[in-house]
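Take a look at the structure set out below.
Predicted model, so just to flag it, every value in this text is computed and none were measured.
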Amino acid sequence: SDALANTFAVLVSGVSDQVYTGLPLPLALPGAPGCDLLVSADVLELAITDGQGQTQSPMVVPNTQALTGASIYHQWAIWDPTVNSLSIVMSDAGVATIGN
């Protein structure tokens, strides 16, 4: 919520909040001070915000016992040309634990 209305949003999801492609997290984004990548970008899901600047992205998780207890980390990247030279603002990160 609180993003621009009708803009692009990317849900960044990954299996780590510590490292991404060998680089330690958080990872500062050049041209976007204060906007850091906080999760590994293993899966990217495009969405569009609604007229109130909100969006959501459902996620299907396979019904596999081996995944129970695994943590998946999420963060939104929102296109906003008014915020910085990269035109990206990053949300805080969250974590979901499969099976809870």
Scanning both residues in full, the closest heavy-atom pair of Asp92 with Gln75 reads O-CG, 3.9 Å
With heavy-atom distances below 4.5 Å as the criterion, would you say the side chains of Pro62 and Leu67 are in contact?
yes
Which pair of heavy atoms, one from Gly51 and one from Ala5, lies closest together, and at what distance?
O-CB, 3.3 Å
Common cluster, Trp79/Leu37, ILVMFWY with side-chain heavy-atom separation under 4.5 Å:
yes
Answer whether the closest heavy-atom distance between the side chains of Thr97 and Ser71 falls below 4.5 Å.
yes
How about Gln56: does its CD atom have over 12 heavy atoms from other parts shown lying under 6.0 Å from it?
no
Can you hop from Leu29 to Tyr20 via hydrophobic side chains spaced under 4.5 Å?
yes
Short question: side chain of Ser16, backbone of Gln18 - any donor-acceptor pair under 3.5 Å?
yes
Does any part of the side chain of Ile88, heavy atoms only, come nearer than 4.5 Å to the side chain of Val83, both counted from C-beta?
no
List the steps and the verdict of side chain to side chain contact (heavy atoms under 4.5 Å, CB included) for Ser13 and Glu45.
CA-CA 8 Å; Ser13 299; Glu45 191 75 32; over 6 Å; no
Indicate if Val12 and Phe8 have the same hydrophobic cluster label, given that clusters are the connected sets of ILVMFWY residues with side-chain heavy-atom separations under 4.5 angstrom.
yes
Quick one: does Thr68's side chain have a donor or acceptor within less than 3.5 Å of a partner on Gln65's backbone?
yes
Under the side chain to side chain contact (heavy atoms under 4.5 Å, CB included) criterion, do Met90 and Ile78 qualify, and how do the steps go?
CA-CA 6 Å; Met90 301 297 288; Ile78 310 293; over 6 Å; no
Membership question, hydrophobic clusters at under 4.5 Å side-chain separation (ILVMFWY): are Met59 and Leu46 in the same one?
no
Following the transitive rule for hydrophobic clusters with a side-chain heavy-atom cut-off under 4.5 Å over Ile, Leu, Val, Met, Phe, Trp and Tyr, establish whether Leu44 and Leu27 coincide in one cluster.
yes
Could you give the distance from SG (Cys35) to CG (Leu86), rounded to the nearest 0.5 Å?
8.0 Å
Backbone of Leu38 reached by a side-chain donor or acceptor of Asp36 within 3.5 Å:
no
For the atom pair CG (Leu4) and CG (Asn6), what is the distance rounded to the nearest 0.5 Å?
9.5 Å
Worked verdict on Ile98 versus Ile72 for side chain to side chain contact (heavy atoms under 4.5 Å, CB included)
CA-CA 8 Å; Ile98 298 173; Ile72 308 295; 4.1 Å; yes
Straight-line distance of Asp2 CG to Gln52 CD, nearest 0.5 Å
11.5 Å
Quick one: closest heavy-atom pair of Ser87 and Pro81, and the distance?
OG-CA, 3.5 Å
Can you tell me how far the CG atom of Asp80 sits from the OG1 atom of Thr82, to the nearest 0.5 Å?
3.5 Å
Within the distance-only criterion (no hydrogens, no angle test), does the side chain of Thr49 pair as donor or acceptor with the backbone N or O of Thr55 below 3.5 angstrom?
no
